[in-house]
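Heavy atoms only: backbone and side chains are in, while hydrogens, waters and symmetry mates are out.
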Amino acid sequence: MEKQRLVVIGAVAAGTKAASKAMRENPNLDVKIFTKEEHISYAGCGLPYYIGGVIKEKNELVVRTPEIFKREQDIDIFIKHEVTKIDTNAKKVYVTNIDTQEQLEYGYDKLVMATGASPIKPPLENIKLKNIFTLRSVADAFEIRDLVDAGKVQKAVVVGGGFIGLEVAENLRHRDVDVTLIELAPHVLPPFDEEIALLAQAHMQEKGVNIVTGEKVLGFEGKDEFVSKVKSTAGDFEADIVVLSIGVRPNVKLAVDADIELGTTGAIKVDEYMQTSVKDVFAVGDCAENINLVTNQPAWYPMGSTSNKTGRIAGYNVVNSDKMDSLQGVLGTTIVKLFDMNAAKTGLSERDARRAGMNIETILVPATDKAHYYPGNKAIITKLIVEKASHKILGAEIIGSGVVDKPIDIIATAMTLNAKLEDLTKLDLAYAPPFSMAMSSTIMAANVMLNKLNNKIDTITATDLQDKLKYNQVNIVDVREEEECFISSIPGSLNIPMNALERRSSELHKDKETVILVCKVGKRAFLAYLKLKQQGFENIKVLEGGINAYPYRVE
């Protein structure tokens with residue numbers, strides 16, 4: 001019996017995952033993978049850590065080699081072979097051997113497109129100078145590491161403050177490189193909301209990264225064909241290397257030329273089975289469109305986790321056309337380590353939810369990742385975004401020096417299973433002092449959100465307070481002890497310790513400006529709120545997260 005032929009275009013995460021799963025489902029397949037790259041199945045997300053020396057050896061980045069695939073699974077991988085055309089009518093792919101320029105063609109019964117994404121490289125002045133990198137391949141990582149190891153990099157400029165840009169900046173600082181990061185948006189981590197992103201930004205600056213936001217790179221200057229300077233709207237910055245991390249675009253030219261439909265995001269449109277608009281052609285990984293589980297609208301998440309999931313599903317469906325597996329959508333769950341701080345996100349940000357026209361409520365709640373009395377406990381801050389009417393959880397962002405992957409995964413799981421806020425408060429989570437608080441940070445945040453939704457507390461966010469401070473519209477009362485306020489406090493605030501609040505409440509005006517109550521994390525401010533309510537104060541609010549979560553200037 002003639003073997004069914006599977007051709008896969010692309011051999012990093014999604015392509016090799018699809019091929020491997022298909023071969024496990026049907027060991028009699030004839031599987032061929034074509035990639036124009038020299039390296040396959042490499043850990044793209046680990047590239048910044050190789051530069052920083054956290055990952056010591058090159059071979060640690062390469063998960064598997066073509067020889068291993070052939071020996072263990074009888075999968076043929078052709079490196080440095082570029083697929084130049086797909087003929088979906090004849091079911092053929094046309095391939096160029098990059099080394100020899102030999103033109104080849106191969107037939108297929110099923111085709112999986114895992115063509116990935118390419119880094120955005122704008123047509124800036126002198127962008128072709130040497131030592132300007134994009135860090136999309138292992139070759140870039142190897143070259144940057146070699147330059148750093150050789151002592152040829154004293155100053156670096158990173159363009160773009162997303163995940164990869166920040167990770168590169170951190171790892172270059174670990175190598176004692178002077179790093180400037182330039183971000184066009186008002187803050188780093190653009191997918192996150194401002195009050196969370198600014199905390200990360202401040203931490204990066206404390207660690208020695210010079211961060212320039214709201215400014216644009218205009219071009220480059222060079223010396224002997226090598227980059228020496230970055231020109232921007234904020235001025236010029238000297239650089240021995242430049243790393244561009246300003247985003248990626250899905251590689252869809254092969255699909256367009258083959259009349260395979262694209263989605264509204266610009267990536268290849270697929271259904272829940274990873275099938276494209278053309279029969280027997282699947283698309284996976286960074287070249288394929290996704291569905292956002294919250295909005296049920298097309299989205300695009302070029303991430304390793306999504307690539308592996310979609311690759312596995314396509315590989316299964318290539319063989320099992322009568323009982324296909326499906327992926328209803330994804331949440332865009334992500335996490336990043338920034339020196340001693342961690343940040344994670346799932347679902348919609350507040351900004352995204354409001355843009356989508358949703359009627360939402362948000363809350364920001366500090367906590368610790370372990371019992372507060374247990375040695376080694378560290379602070380984390382949780383932001384929840386919830387739909388007001390239904391109490392549906394729309395998203396979450398968590399940041400801090402403590403463990404954030406566990407709580408963000410709990411929330412992502414709850415969202416995937418359509419849990420509501422009340423369900424989150426009742427989760428039976430593991431507790432012991434070395435691992436969690438008795439009421440975990442997730443449950444605590446959900447309970448505070450319920451209080452807010454039930455009008456038991458009125459709060460104000462740090463960003464809203466910052467806006468009001470510009471116009472002197474508020475009266476800030478810090479209810480911490482005097483010695484705490486000496487360490488840091490919001491400019492213009494009045495210190496009335498909570499135990500003195502009742503006898504000094506006459507210093508506040510019930511009918512004038514809003515009274516904003518502030519403490520370290522919000523708990524004492526809430527108790528002060530209840531006391532003032534009993535005394536007839538109406539126009540009062542609690543600053544969410546307190547001083548610990550306040551991302552703006554304190555004195």
Side-chain angles (χ1 to χ4, degrees), residues 2-37 40-41 66 69-70 73-97 103-117 250-263 267-290 306-322 324-327:
E2 190 173 345
K3 289 185 176 183
Q4 187 180 45
R5 301 164 300 173
L6 169 62
V7 167
V8 178
I9 307 173
V12 185
T16 53
K17 178 66 73 174
S20 295
K21 180 60 177 173
M23 204 62 169
R24 290 196 298 272
E25 291 294 314
N26 180 5
N28 291 318
L29 282 177
D30 174 10
V31 180
K32 290 180 171 60
I33 305 178
F34 298 98
T35 175
K36 60 185 179 182
E37 295 191 51
I40 69 155
S41 192
F69 273 96
K70 181 63 178 176
Q73 293 184 277
D74 197 24
I75 294 173
D76 295 310
I77 299 184
F78 298 82
I79 63 171
K80 301 174 79 172
H81 280 64
E82 182 176 8
V83 176
T84 57
K85 181 183 176 182
I86 303 169
D87 185 338
T88 57
N89 293 317
K91 286 195 167 184
K92 288 183 177 180
V93 295
Y94 296 84
V95 184
T96 299
N97 182 321
Q103 304 298 304
L104 307 164
E105 61 180 71
Y106 294 87
Y108 68 83
D109 296 301
K110 298 289 176 71
L111 175 68
V112 175
M113 299 185 68
T115 49
N251 295 326
V252 296
K253 186 177 185 304
L254 278 175
V256 171
D257 292 346
D259 291 326
I260 295 170
E261 186 179 353
L262 302 186
I268 300 171
K269 185 176 182 178
V270 294
D271 61 16
E272 65 266 36
Y273 309 110
M274 304 301 120
Q275 295 179 126
T276 70
S277 60
V278 174
K279 183 175 168 46
D280 295 327
V281 178
F282 299 76
V284 295
D286 291 355
C287 69
E289 195 170 71
N290 315 119
T306 303
S307 292
N308 276 276
K309 280 194 287 284
T310 57
R312 190 178 195 277
I313 288 170
Y316 177 88
N317 291 341
V318 159
V319 174
N320 300 288
S321 56
D322 57 334
M324 286 190 172
D325 194 5
S326 64
L327 180 67

How many angstroms lie between atom [atom1] of [X] and atom [atom2] of [Y], to the nearest 0.5 angstrom?
| X | Y | atom1 | atom2 | result |
| --- | --- | --- | --- | --- |
| Leu6 | Phe282 | CG | CZ | 9.0 Å |
| Lys85 | Gln103 | NZ | CD | 12.0 Å |
| Asp109 | Gln4 | CG | CD | 5.0 Å |
| Tyr316 | Asp325 | OH | CG | 6.5 Å |
| Asp271 | Thr276 | CG | OG1 | 8.5 Å |
| Met113 | Ile86 | CE | CD1 | 4.0 Å |

Does the side chain of [Y] come within less than 4.5 Å of [X]'s, by heavy atoms?
| X | Y | value |
| --- | --- | --- |
| Thr16 | Phe69 | yes |
| Pro250 | Ile268 | no |
| Thr88 | Tyr108 | yes |
| Lys70 | Asp76 | yes |
| Leu327 | Glu272 | no |
| Asn317 | Gln275 | no |
| Glu105 | Asp87 | no |
| Lys17 | Ser307 | no |

| Worked check of side chain to side chain contact (heavy atoms under 4.5 Å, CB included) between His81 and Asn97 | CA-CA 5 Å; His81 280 64; Asn97 182 321; 3.4 Å; yes
Locate the shortest heavy-atom distance separating [X] from [Y]; write the atom from each residue and the value.
| X | Y | result |
| --- | --- | --- |
| Asn308 | Ala13 | ND2-CB, 3.9 Å |
| Ala19 | Ile33 | CB-CD1, 3.5 Å |
| Pro66 | Ile79 | CG-CG2, 3.9 Å |
| Ala288 | Ala267 | C-CB, 3.7 Å |

| Looking only at atom types and distance, does a side-chain atom of Thr115 sit under 3.5 Å from a main-chain N or O of Asn251, one as donor and one as acceptor? | yes
| field | Main-chain N/O of Val319 paired to Asn26 side chain as donor or acceptor, under 3.5 Å | value | no
| remark: Paired with Thr310, the side-chain contact (heavy atoms from CB on, under 4.5 Å) test is passed by just one of Val112, Val270, Val284, namely Val284
| Heavy-atom count around Lys91 NZ within 6.0 Å, excluding the residue itself: above 12? | yes
| said: Classify the ring geometry of Phe34 against Tyr106: parallel below 30°, tilted from 30° to 60°, perpendicular beyond 60°. | reply: tilted
| request: Before giving the answer on side chain to side chain contact (heavy atoms under 4.5 Å, CB included), spell out for Gln73 and Val31 the whole-Å C-alpha distance, their side-chain angles and the decisive distance to 0.1 Å. | output: CA-CA 9 Å; Gln73 293 184 277; Val31 180; over 6 Å; no
| said: Could you tell me if Asn320 and Glu25 have a donor-acceptor pair between their side chains, going purely by distance under 3.5 Å? | reply: yes
